[in-house]
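First listed ligand is number 1; within each ligand, the first listed atom is number 1.
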Amino acid sequence: MMTNFTHLKTSVCILGCGPSGIVLGNIMLNNGIDCIILDKYNREEIYARGRAGVIEITTVQQLKKHHLAEPILNNAYTHGTCEFRSPEKSITFEYASLTGGDVHYVYPQSDLNDDLISMYLERGGKLLFHHEGKKIVQNDDNVEIKCDDIDAEKPVTIQADFVAGCDGYHGIARQSIPPEAVETYTKEYNYCWLAILAYAPPSAQHPLYGVHPDGFSGHMLRNSKISRYYLQISNNDTLEDWSDDRIWANLRKRLAKKGWKLNEGEIFQKRTMELRNYVMEPMRYRRLFMAGDAAHIITPMGGKGLNLAVQDAVVLAETLIRYYQENPDSSYLDRYSQIRLPYIWRAQAFSYSMLTMLHAPEGEDLEDVRFRLKLSQSKLEQLATASAFAKDFARNYVGIV
Ligand code: RFL
């Protein structure tokens with residue numbers, strides 16, 4: 001007979017199967033700590049949420065330590081050069097030469113996530129797809145996660161010692177924390193990005209960042225047939241305002257360089273992307289630990305979000321393993337947040353500084369806009385001429401901690 005209610009028990013319930021959730025789950029499993037991962041989507045739906053995949057050296061090293069780096073080491077390509085272009089000049093920035101050879105690994109986030117799901121399932125990990133977390137109930141000696149089994153249309157309760165909120169910025173974990181229990185910091189912008197994917201071969205061998213009075217533009221490499229582009233647009237713009245012809249004309253203008261030609265092709269995806277920064281302190285509320293985008297959001301500038309999510313998961317896993325294996329006082333668990341926050345703020349600081357360096361400032365105060373434009377130009381100039389500035393930028397960009 002079908003029951004209309006399921007009750008499960010585990011040590012750590014992981015809400016969300018994005019990069020932070022699946023990395024945490026794999027490390028728990030490999031260290032003999034019982035866990036259950038649940039995600040509101042199925043595997044194909046999770047895979048379909050295509051995102052970029054600039055992976056830092058620190059992320060690779062941390063995954064290596066836990067035998068999870070193989071997908072990257074076997075499949076990623078690397079780059080150690082990018083180029084900044086403005087109407088006045090172009091700077092080819094060979095950052096690998098300033099970092100002692102450290103480079104970025106490029107591997108799509110959806111492939112990495114799916115490879116890690118395979119590793120987890122092959123080792124017998126428990127993963128509930130199509131289970132949507134609805135409510136987190138904190139008790140003195142356990143926590144209950146109330147969710148819906150979407151396929152069976154029945155409620156499920158998972159009782160755990162701890163819950164990891166790895167369910168992204170719009171998930172339920174963040175909403176379950178009383179506002180007075182944490183300090184939050186937010187920054188919003190009066191411009192956003194148009195993100196474009198086109199069937200067009202890359203127009204350069206490295207990423208291009210265009211700095212132009214009309215606004216920022218970016219050209220990122222995907223593969224030999226598909227390229228990604230970004231354009232800074234106004235928050236008031238809609239997709240209808242940006243015809244394909246207008247997009248190509250803007251990319252040609254904002255990335256212009258003598259003798260360079262933009263390869264064009266059929267645009268098959270365009271979407272607007274809000275830019276936002278957000279940090280929660282601490283990243284723990286009683287039996288709930290927050291990781292990845294659920295705890296902090298960063299603009300895509302500098303490619304830090306996935307990296308922070310994975311690095312959170314590794315530190316959280318190591319903290320929980322020590323807690324279970326050595327039974328320290330529960331205040332030991334505070335160390336997760338204490339370790340992670342300085343790195344998160346460092347990434348926020350770098351990403352913000354890179355964003356403001358490359359974007360045309362917008363605002364009503366024209367004198368302020370003119371002043372900030374000159375500051376951006378000075379920073380670009382320093383990348384080419386001031387070795388200490390360039391080295392510091394390179395180390396932060398590549399993610400050396
Ligand atoms: P995710 O990846 O959002 O995963 C959260 C998971 O939680 C599930 N979920 C729930 N499950 C059950 N019940 C609920 N109530 C649930 N609510 C949500 C969701 O289905 C999902 O599977 O969070 P996580 O793990 O914190 O990972 C964060 C990263 O995905 C994110 O920071 C990066 O994608 C950011 N990012 C980039 N980061 C980089 O380091 N390098 C990059 O090159 C890079 N490029 C990007 C990016 C993000 C982008 N977009 C779309 C914002 C490029 C783009 C276009």
Side-chain angles (χ1 to χ4, degrees), residues 13-25 36-56 58-60 76 79 104-110 112-114 116-117 127-136 145-150 156 158 163-176 192-197 207 218 220-222 228-230 269-278 283 290-313 316 344 347 350-351 397-399:
C13 174
I14 301 170
L15 194 53
C17 191
S20 58
I22 194 62
V23 167
L24 178 61
I36 297 175
I37 306 180
L38 62 137
D39 201 287
K40 66 178 175 183
Y41 292 126
N42 66 27
R43 190 165 176 177
E44 293 70 34
E45 288 165 333
I46 294 174
Y47 185 81
R49 287 182 328 146
R51 291 179 174 183
V54 177
I55 303 170
E56 297 177 347
T58 305
T59 304
V60 176
H79 53 65
H104 278 127
Y105 292 73
V106 182
Y107 186 52
Q109 175 174 328
S110 30
L112 175 63
N113 210 65
D114 202 59
L116 292 169
I117 290 175
L127 207 169
L128 305 174
F129 289 116
H130 261 187
H131 278 61
E132 180 167 12
K134 290 286 188 186
K135 197 170 178 197
I136 296 172
I145 298 87
K146 312 261 184 206
C147 48
D148 282 348
D149 177 340
I150 295 169
V156 175
I158 303 173
V163 55
C166 300
D167 54 346
Y169 184 69
H170 301 287
I172 60 152
R174 206 166 65 87
Q175 291 155 23
S176 80
C192 63
W193 278 10
L194 187 65
I196 302 124
L197 278 170
M220 309 294 150
L221 316 191
R222 286 292 289 267
R228 183 177 267 296
Y229 315 87
Y230 295 113
Q269 193 191 94
K270 55 182 159 183
R271 47 180 290 218
T272 52
M273 275 176 70
E274 251 181 21
L275 300 176
R276 179 190 286 126
N277 304 72
Y278 169 87
M283 293 155 64
M290 303 293 287
D293 281 8
H296 41 76
I297 286 284
I298 192 161
T299 74
M301 187 51 85
K304 300 291 175 194
L306 160 68
N307 292 284
L308 289 178
V310 169
Q311 292 165 21
D312 283 354
L316 178 56
I344 289 159
F350 172 73
S351 175
Y397 184 51
V398 94

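- Distances from ligand 1 to the non-hydrogen atoms of His170 include no value under 4.0 Å.
- At distances below 3.5 Å, not a single donor-acceptor pair connects side-chain atoms of Ser110 with backbone N or O atoms of Ala48.
- For atom 27 (O) of ligand 1, the nearest non-hydrogen atom from the set Pro19, Ala295, Ala195, Gly18 belongs to Pro19.
- The nearest protein heavy atom to atom 55 (C) of ligand 1 is closer than 4.0 Å.
- Comparing Asp39, Asn113, Ile136 against atom 22 (O) of ligand 1, the shortest heavy-atom distance belongs to Asp39.
- Between Phe350 and Tyr397, the ring planes lie tilted relative to each other; the angle falls in the 30° to 60° range.
- Where the criterion is an N or O separation shorter than 3.5 Å, residue side chain and backbone included, Asn307 meets it with respect to ligand 1.
- Listed by number with element, the atoms of ligand 1 under 4.0 angstrom from any heavy atom of Gly168 are 5 (C).
- Atoms of ligand 1 found under 4.0 Å from any heavy atom of Gly16 (numbered from 1 in listed order, with element): 6 (C), 7 (O), 8 (C).
- Contact atoms of ligand 1 toward Val54: 40 (O), 41 (N), 42 (C), 43 (O) (distance under 4.0 Å to a heavy atom of the residue).
- At the top of the distance list for atom 33 (C) of ligand 1, counting protein heavy atoms only, stands Gln109 OE1, 3.4 Å.
- Across Cys166, Gly303, Gly292, heavy-atom proximity to atom 5 (C) of ligand 1 is greatest for Cys166.
- Heavy-atom distances between Met301 and ligand 1 stay at or above 4.0 Å for every pair.
- Ile37 and Gly25 get closest at one heavy-atom pair: CD1-CA, 4.0 Å.
- Considering backbone and side-chain N/O atoms, Gly305 comes within less than 3.5 Å of an N/O atom of ligand 1.
- The heavy-atom pair separating Asp312 from Gly292 by the smallest distance is OD2-N, 2.8 Å.
- Between the side chain of Asp148 and the main chain of Lys40, no donor-acceptor pair closer than 3.5 Å is present.
- Close approach of ligand 1 to Glu132 is summarised as follows: ligand atoms under 4.0 Å from at least one heavy atom of the residue are 13 (N), 15 (N).
- Those atoms of ligand 1 with a heavy atom of Ser20 less than 4.0 angstrom away are 24 (P), 25 (O), 26 (O).
- For ligand 1, the atoms closer than 4.0 angstrom to any heavy atom of Ala309 are 26 (O), 27 (O), 28 (C).
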